[in-house]
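Letters go in sequence order (proteins before strands), and every chain restarts at 1. From a predicted model like this one, the values you see are computed outputs, not experimental measurements.
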Number of protein chains: 2
Amino acid sequence: MNASQLSELTRRSHRQVVEPGKTLLDAEQPTSTYSNVLAGVVKLSKMLPDGRQQIVGLQFAPDFVGRPFSPESSLKAEAVTSTVLCTFPRQLLERMISESPELEHKLYLQALDELDDARDLLLTLGRKTARERVATFLLMIARHSPHAEGSEDGGTGFELPLTRAEIADFLGLTIETVSRQLTKLKGSDVIRVEQNRRIRVPDMELLEAETGD
Amino acid sequence: MNASQLSELTRRSHRQVVEPGKTLLDAEQPTSTYSNVLAGVVKLSKMLPDGRQQIVGLQFAPDFVGRPFSPESSLKAEAVTSTVLCTFPRQLLERMISESPELEHKLYLQALDELDDARDLLLTLGRKTARERVATFLLMIARHSPHAEGSEDGGTGFELPLTRAEIADFLGLTIETVSRQLTKLKGSDVIRVEQNRRIRVPDMELLEAETGD
DNA sequence: CGTTCTATTGAACTGAGTCAACAGATGTGG
DNA sequence: CCACATCTGTTGACTCAGTTCAATAGAACG
């Protein structure tokens with residue numbers, strides 16, 4: 001990416017803060033914009049005609065959201081937390097990709113990472129028990145938490161960006177099963193649940209031992 | 001990709017036929033080669049320490065197998081049918097990528113396609129019933145079958161490249177459940193099973209209606 | 001301080017798993 | 001070419017993890 005490209009991107013990109021629930025990309029209408037996530041969390045989900053839903057990916061800063069080279073994506077992208085985005089028009093991005101091998105290289109590397117994430121999740125959905133799924137999810141969030149307080153006395157603490165319903169949609173479970181497994185992990189002293197969204201992990205290795213891998 | 005690169009690739013690549021079960025890539029040892037699948041089917045799988053296994057992708061010709069820019073892949077790649085491969089050393093591929101934006105572009109496009117496939121499978125594993133999973137799998141194989149006989153009298157016929165155990169590993173089910181669902185789909189006249197591996201679909205739309213999407 | 005989300009808990013149900021027996025295929029050597 | 005062994009796939013009976021339905025309890029918000 002050269003200097004003139006960078007300046008054009010800065011000029012034509014649009015920085016914005018979006019609230020939870022805001023749709024960035026819908027399976028129905030063709031993709032018109034791309035975004036970089038600067039802060040917050042975005043969920044990617046798929047839905048069956050009868051309403052069953054599956055979250056197929058979570059994007060954290062500084063991930064890129066969008067599907068280059070394809071008019072529609074069959075995916076819905078939605079902000080799950082309050083999110084800071086840098087948005088730019090489709091044509092600009094695609095022209096810049098064609099002009100800048102370095103940009104395409106970066107996007108390729110991110111696609112490979114997303115592919116690894118998706119395949120990890122496939123193993124989770126295909127073969128893990130409910131308890132292992134919930135532990136796997138908690139560990140993933142802990143690792144992505146910017147200010148997960150380090151290992152002082154009380155272990156690591158972090159905030160869950162997703163509701164129970166969203167965790168269920170991510171793990172291929174029901175709300176009730178997620179809730180019950182959290183309660184059981186609490187009973188086994190693997191986690192402490194402080195005010196619903198706030199989780200404390202006294203010993204990370206104990207949690208890792210619950211993930212199945 | 002320019003002429004000298006192409007000739008170097010041709011000279012240094014190695015064409016070979018491998019039998020079912022042959023491992024192309026292992027989670028343990030670092031990746032030393034990359035391959036193009038010229039014919040046949042390759043499975044990508046992940047395993048938990050206790051032996052539970054999940055197939056996270058199937059590669060058909062002319063897919064590329066390998067994970068550029070990462071010494072190890074955490075994936076195992078194995079031929080499921082007799083397969084024709086074009087193999088070349090890691091360093092050659094990575095040098096060629098760095099020299100040829102067009103090559104990287106092609107690989108990027110394939111990665112995006114694999115990502116779409118992985119996410120489709122996530123929806124299947126997270127939210128579909130056993131019957132829907134089996135129907136989804138059959139439809140996928142039918143669409144990838146090179147000589148799936150067209151719609152004459154008896155509908156479409158094709159060969160399953162996977163054993164029941166592999167189908168189960170792909171769909172997050174057990175062998176028994178796969179077998180039972182095939183029997184039930186046969187009972188509903190959605191498919192006919194001719195000699196275990198050979199499937200006939202009288203009416204493709206009937207099968208599509210069983211996939212859940 | 002009521003209304004409305006969001007989350008927890010309980011009881012009953014069920015789809016898929018487990019365990020076990022059997023049946024077809026495929027293959028091998030006498 | 002046939003008996004035997006070995007895979008691969010099917011079927012049945014039973015179990016159980018996770019779902020469903022329903023009631024309750026906290027949080028958040030005006």
Side-chain angles (χ1 to χ4, degrees), chain A residues 19-21 43 48 50-54 80-82 124-138 141 159-188 191-199 210 212, chain B residues 19-21 43 48 50-54 80-82 124-138 141 159-188 191-199 210 212:
Chain A
E19 290 314 304
K43 70 178 176 188
L48 292 174
D50 66 1
R52 282 174 286 174
Q53 204 170 11
Q54 177 65 44
V80 296
T81 61
S82 190
T124 298
L125 297 192
R127 292 301 181 205
K128 288 189 184 177
T129 64
R131 170 183 262 244
E132 289 169 336
R133 294 183 201 202
V134 171
T136 302
F137 170 76
L138 292 175
I141 295 299
E159 199 81 20
L160 293 180
L162 308 192
T163 65
R164 299 290 187 270
E166 288 169 327
I167 298 172
D169 280 348
F170 184 72
L171 296 176
L173 299 171
T174 59
I175 302 181
E176 293 93 328
T177 300
V178 171
S179 181
R180 280 187 246 272
Q181 296 304 330
L182 285 171
T183 305
K184 284 185 187 169
L185 286 171
K186 196 169 59 180
S188 314
I191 60 171
R192 254 169 291 153
V193 182
E194 318 173 325
Q195 41 176 103
N196 283 348
R197 292 292 197 101
R198 182 138 204 92
I199 302 287
E210 294 288 349
Chain B
E19 290 313 305
K43 70 177 177 189
L48 293 174
D50 66 3
R52 282 174 287 174
Q53 204 170 11
Q54 177 65 44
V80 295
T81 61
S82 190
T124 297
L125 296 192
R127 291 303 181 204
K128 288 189 186 178
T129 64
R131 171 184 262 244
E132 290 169 336
R133 294 184 202 202
V134 171
T136 302
F137 170 76
L138 292 176
I141 295 299
E159 200 82 20
L160 293 179
L162 308 191
T163 65
R164 298 293 187 269
E166 287 169 326
I167 298 172
D169 280 349
F170 183 72
L171 295 176
L173 300 170
T174 60
I175 300 180
E176 293 93 328
T177 299
V178 171
S179 181
R180 279 189 247 272
Q181 296 303 330
L182 285 171
T183 305
K184 284 183 187 170
L185 286 172
K186 197 169 57 179
S188 314
I191 59 171
R192 254 168 291 152
V193 181
E194 321 174 322
Q195 44 177 98
N196 283 347
R197 291 294 196 101
R198 183 139 203 89
I199 302 287
E210 294 288 347

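Both Thr163(A) and Arg133(B) lie near DNA chain C, and the one whose nearest nucleotide falls closer to the 5' end is Thr163(A).
As rounded to whole Å, 15 Å separates atom P of dA16(C) from atom CG of Leu173(A). Between the P atom of dC16(D) and the CZ atom of Arg131(A) lies a distance of 18 Å, rounded to the nearest Å. Rounded to whole Å, atom P of dC14(D) lies 17 Å from atom CD of Glu176(B). Rounding to whole angstrom units, CZ of residue Arg52(B) and C1' of dA16(C) are separated by 16 Å. The separation between Gln195(B) atom CD and dT10(D) atom P is 13 Å, rounded to whole Å. When the P atom of dT6(C) is taken as reference, atom CD of Glu159(A) falls 16 Å away, rounded to whole Å. One can place CD of Gln181(A) at 16 Å from P of dA7(C), the figure rounded to the nearest angstrom. Rounded to an integer number of Å, the gap from Arg198(A) CZ to dA7(C) C1' is 18 Å.
Checking side-chain atoms of Arg127(A) against main-chain N and O of Gln53(B) turns up a donor-acceptor pair under 3.5 Å.
The side-chain heavy atoms of Glu166(A) and Lys43(A), taken from C-beta on, include a pair separated by under 4.5 Å.
In the set dA22(D), dG18(D), dT11(D), dG18(D) carries the atom at the smallest distance from any side-chain atom of Thr129(A). Comparing dT11(D), dT10(D), dA7(C) by their nearest atom to the side chain of Ser179(A) picks out dA7(C). Checked against dT8(C), dT10(D), dA16(C), the side chain of Asn196(B) finds its nearest nucleotide in dT10(D). Among the nucleotides dT10(D), dA16(C), dG18(D), the one closest to any side-chain atom of Ile175(B) is dT10(D).
Side-chain atoms of Arg180(B) come within donor-acceptor range of the base of dG12(D), with a qualifying N/O pair under 3.5 Å.
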Next on the checklist: One pair to check against salt bridge (charged side-chain N to carboxylate O under 4.0 Å, His left out): Arg52(B) and Glu132(A). What are the steps and the verdict?
Outcome noted: CA-CA 13 Å; Arg52(B) 282 174 287 174; Glu132(A) 289 169 336; 2.8 Å; yes

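Side-chain N/O atoms of Arg197(B) include one lying less than 4.0 angstrom from OP1 or OP2 on dG9(D). OP1 or OP2 of dG17(C) has at least one side-chain nitrogen or oxygen of Thr174(B) nearer than 4.0 Å. Within the structure, a side-chain polar atom (N or O) of Thr183(B) is placed less than 4.0 Å from OP1 or OP2 of dT11(D). The phosphate of dA16(C) has neither OP1 nor OP2 within less than 4.0 Å of any side-chain N or O from Thr177(B).
A side-chain N or O of Ser188(B) and one of Arg131(B) form a donor-acceptor pair less than 3.5 Å apart.
Ionic pairing of Glu159(A) and Arg197(A) is not present here: no N-O contact between side-chain nitrogen and carboxylate oxygen is shorter than 4.0 angstrom.
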